There are 2 protein chains.
Amino acid sequence: MADDKNQALPYGDMKLIQSDGSTNRPLVSIKDIQTNLVGQQIWVRGRLHSSRCKGKQAFFVLRQQHFTVQAILRVAEGTQVTKDMITFAAGLPKESIIDVYGLVKQSPVKIESCSQTDVELELSQVYAVSRSDARLAVQIEDLSRSESETVLVIRVDQDTRLNNRVIDLRTVTNQAIFRFESGVTNLFREALNKRAFVEIHTPKIINAASEGGANVFEVSYFKTKAYLAQSPQFYKQMAIAADFDRVYTVGAVFRAEDSNTHRHLTEFVGLDLEMAFNYDYHEVVDLIGKTFVDIFKGLEERFATEIAAVHRQYPAEPFKYLDETLVLKFPEAVEMLRQAGAEMGDEDDLTTANEKLLGKLVRDKYQTDFYILDKFPLAVRPFYTMPDPHDIKYSNSYDMFMRGEEILSGAQRIHDEQLLRERASHHGIDLATIEPYVKAFKYGCPPHAGGGIGLERVAMLYLGLDNIRKTSMFPRDPKRLEP
Amino acid sequence: MADDKNQALPYGDMKLIQSDGSTNRPLVSIKDIQTNLVGQQIWVRGRLHSSRCKGKQAFFVLRQQHFTVQAILRVAEGTQVTKDMITFAAGLPKESIIDVYGLVKQSPVKIESCSQTDVELELSQVYAVSRSDARLAVQIEDLSRSESETVLVIRVDQDTRLNNRVIDLRTVTNQAIFRFESGVTNLFREALNKRAFVEIHTPKIINAASEGGANVFEVSYFKTKAYLAQSPQFYKQMAIAADFDRVYTVGAVFRAEDSNTHRHLTEFVGLDLEMAFNYDYHEVVDLIGKTFVDIFKGLEERFATEIAAVHRQYPAEPFKYLDETLVLKFPEAVEMLRQAGAEMGDEDDLTTANEKLLGKLVRDKYQTDFYILDKFPLAVRPFYTMPDPHDIKYSNSYDMFMRGEEILSGAQRIHDEQLLRERASHHGIDLATIEPYVKAFKYGCPPHAGGGIGLERVAMLYLGLDNIRKTSMFPRDPKRLEP
């Protein structure tokens, strides 16, 4: 019954699909193969997830993303299925893409190993659409093994996974992680769109190494040199000075830091926002806190299946947050840390270890994995940060944390040209290099504040993963530029 | 009645807003100042759009984005308004941000020059929040002048606009352009989200100059060299080989072309999509066509005000499209062009002039500014383009056009590793440089197709603007890296 005229046999390699009009059979998605289709003959395209041959029959599992269905091919009288056909089908490499035609049958027992537990396919035609190489560099089974399993010890290390990323991404867990991550950006934009924000796009190629000059990548730009933007900071502020009132931007940001840690990438996705406020930057802090709560709630509602799938491979405590986000003042945090035995000065920044410890203390005391730390010491913040009005040691700035790691850094910015020049000079910045930015505040600018969020960190920490490379589809670090 | 304790006078310069808690008066948005507020005293923050003084009274226009309201300050008995106050207020530079307190009054005549035509404010307090420099490099009035005006001849050229972009962006037209453009990306994502696409993010820093090697920017990457991606092409295809089925990505793309034209930028925003199909790439062509129609309809519905505002300054014919997008075959287009007197070979690419001409011919014949041109000659397309199954001269590729300019380029891609290697070699590409990409097709890959859209071009051409720098907030070209 093959409608492909060149194929007299009910099996074989299909001609390269080149849109020649010879075939146009409707395909049923694996997720839709359910008991209501029992008794029907259908075409299905899927990846050959697994196969095993037992004499005159062969059992297959077909996969589409995280959906799987069992298929059986058996030599029987009155059918076209021959021993040769079994040999052909059983010889197809795993991960090949195949088109099969078969009868949907109620399965005699629940098939616990497949997502479609109640049905199976009795095949009568099998064609290879795109064969996989028989020697898979890594096995889906090994890539998918739960960290909670202790008996089997075959694990795939992070580098091997990334070297074979196209295969690695096919696991149920990775399908879930990146669908989840797609949800984070959609929810971020939804939360801000409903609060009257406008999406903007800011240049990644900039003429001067801003923000101090360290850790920037240099670009050859025709006959001159340029740099890759470390953040959209200057541009989103210029949009505020240009009356856009509330803006956000989602895009690549670049850090030429030679940091080989679980949480640093040289290129990541920044979710940035900036907004004018009336009299107090806490208007903005409050809005960002609410934005995160909207995101968390949306993730729970829309991605419960994906979150559960990730936790099957990588077990983690559920992410906890409060409806009213906790705002802690920096000196309070210092006090909590000191009481817990940590040593730090009033104007020191938080070390990574203290961040982690503080996360634990806060979780124990307030039952939340998400909180805001307000009023950082001025000395540890960028030059454009507004000083605290009452105590010059502090500033109108904040970080936000998930599971004890920073995921947002933000502040009220200096909107006064003169003060901005003074603070830049104080930081030893050559004013000539940032003149177009400073000039933006010469023609009237409302007070404003904002923040920059690292997408991969939010996804990693919400899911409780241990490495940021797990939430970057094709990560970049000092040692990795491929694939 | 100032509640700022340091300000005894009903006017003056406010202390720098530093979030000190001293002021927290509710501000009314200008768009909300309507007749229902007549008789109420309100605080408003706005830009001083214009001011003129006539003896004992001064008239102001306050602006917030594209909303404006008239305000009057006059010396009168029983009020705090003095001649000194008039002098202070009238002396404030245009574009300063000010807080005013005043009584909402029904205006005796319609105020046609303001967006709020029926009301005006009788002021009793005026404070400067953020003063503008008195010498504005460019005047909002000049920046806003309609191209249809023929009497007044002061125009601001594109470079002066861009050199003063923060002021330029404040015009009603630019506020409308970038709100409209924000709508394009939101509608693009909405259209694809509802069609089961997943948003992904692809690296901008890549290890080899892909796609032939020309026109790429080189980056210093620690001790080695890297390049800026000219498109997310390879990565979105890898996502398809990795079972994501349907993906899109919105992000910066880079072209090191020394083209100084009205439609080239060295950095622009790419709206890219890629999807697996069953048997024919026209499944994808059809979906992209529908996506554009969804976008156009959404723009009409949500951004009619913005489109009208842009056309007041830059008059243009309304953008025409069909509910069923026209798909023209390349040979048909060649025939139309030849009949119109243009000369071109069967396998030539379209010149810019012929693109424009074809756009006119199509508009006259089919009444549409948007159409799809299908089946480009293989010779003029990238190596990864699937050849036509029947005629090796042609390919399974397409461009899409708006007002006679290309805004999308796309194709069925080669999903077979061996054919891909052959075609790459045929194009003289060093296979070693693209090995991680080619390897993605070694382990089974569904047939797929997609396209890349230039955001700024879509916005420019929909609105009928003459220069792509008008739809890029901070454009980059071979001669411009600032602001």
Side-chain angles (χ1 to χ4, degrees), chain A residues 16-20 23-24 27 65 95-97 130 132-133 166-167 169-170 179 182 185 198-201 203-205 207 217-220 222 226 235 238 241-243 251-252 267 269 278-281 386 389 396 412 415-416 436 440 442-447 473-474 476 478 481-483, chain B residues 16-20 23-24 27 65 95-97 130 132-133 166-167 169-170 179 182 185 198-201 203-205 207 217-220 222 226 235 238 241-243 251-252 267 269 278-281 386 389 396 412 415-416 436 440 442-447 473-474 476 478 481-483:
Chain A
L16 180 70
I17 294 181
Q18 211 174 343
S19 310
D20 66 1
T23 312
N24 191 22
L27 299 173
Q65 293 99 42
E95 294 300 295
S96 295
I97 292 186
S130 174
S132 170
D133 193 284
V166 168
I167 301 173
L169 288 170
R170 293 177 188 168
R179 283 178 161 76
S182 171
T185 46
V198 179
E199 182 178 23
I200 62 168
H201 301 281
K204 312 305 171 211
I205 303 179
N207 68 318
F217 290 112
E218 196 181 278
V219 183
S220 300
F222 302 101
Y235 292 93
M238 286 194 251
D243 286 351
E267 178 183 341
V269 178
N278 293 345
Y279 295 103
D280 195 311
Y281 75 97
M386 184 65 88
N396 292 351
Q412 177 179 354
H415 62 282
D416 179 81
K442 202 182 176 78
Y443 305 102
C445 181
M473 194 172 259
F474 300 102
R476 293 294 181 255
L481 275 168
E482 282 190 352
Chain B
L16 179 69
I17 294 181
Q18 211 174 342
S19 312
D20 65 1
T23 313
N24 191 22
L27 298 173
Q65 293 98 42
E95 295 298 296
S96 296
I97 292 186
S130 174
S132 171
D133 193 286
V166 167
I167 302 173
L169 287 171
R170 293 177 188 169
R179 284 179 160 74
S182 171
T185 47
V198 179
E199 182 177 24
I200 62 168
H201 301 281
K204 311 306 171 210
I205 302 180
N207 69 317
F217 290 113
E218 196 180 279
V219 183
S220 300
F222 302 101
Y235 292 93
M238 286 194 253
D243 287 350
E267 178 183 342
V269 178
N278 293 344
Y279 296 102
D280 195 311
Y281 75 97
M386 183 65 87
N396 291 351
Q412 177 179 353
H415 62 284
D416 179 81
K442 202 182 177 79
Y443 304 103
C445 181
M473 195 172 259
F474 299 102
R476 293 293 179 257
L481 273 169
E482 279 190 357

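Every chain is numbered from 1 and lettered A, B, ... according to where its sequence line falls, protein lines coming before strand lines. Values in this document were obtained by computation on a predicted structure and should not be read as measured data.
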Closest heavy-atom contact between [X] and [Y]?
X      : Y      : answer
B:I97  : A:G444 : CD1-C, 4.1 Å
A:H201 : B:M473 : O-CB, 4.2 Å
B:A242 : A:V166 : CB-O, 3.4 Å

Under a 4.5 Å heavy-atom cutoff, which of [options] has the most pairs with chain B?
options                       : result
A:E267, A:M386, A:E95         : A:E267
A:D280, A:D243, A:I17         : A:D243
A:I167, A:I200, A:I205        : A:I205
A:S96, A:P436, A:S130, A:A252 : A:S130

Reported [atom1]-to-[atom2] distance for the pair [X] and [Y], which is rounded to 0.5 angstrom:
X      : Y      : atom1 : atom2 : result
A:Y281 : B:Q18  : OH    : CD    : 10.5 Å
B:Y279 : A:S19  : OH    : OG    : 12.0 Å
B:R476 : A:N207 : CZ    : CG    : 7.0 Å

B:N278: partners by side-chain hydrogen bond (donor to acceptor under 3.5 Å, both in side chains), with sequence neighbours left out: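 If we apply the side-chain hydrogen bond (donor to acceptor under 3.5 Å, both in side chains) test to B:N278, skipping adjacent residues, there are no hits.
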Which of B:C445, B:P447, B:P203, B:P446 touches chain A most, by non-hydrogen pairs under 4.5 Å: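 Sorted descending by pairs with chain A, the first entry is B:P203.
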Checking [X] against chain A: side chain, backbone, both or neither under 4.5 Å from a heavy atom?
X      : result
B:D133 : both
B:V269 : side chain
B:E218 : both

Counterpart residues, ring-ring contact (aromatic ring centres under 6.0 Å, His included), relative to B:Y443 (two or more places apart):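 Applying ring-ring contact (aromatic ring centres under 6.0 Å, His included) to B:Y443 gives none.
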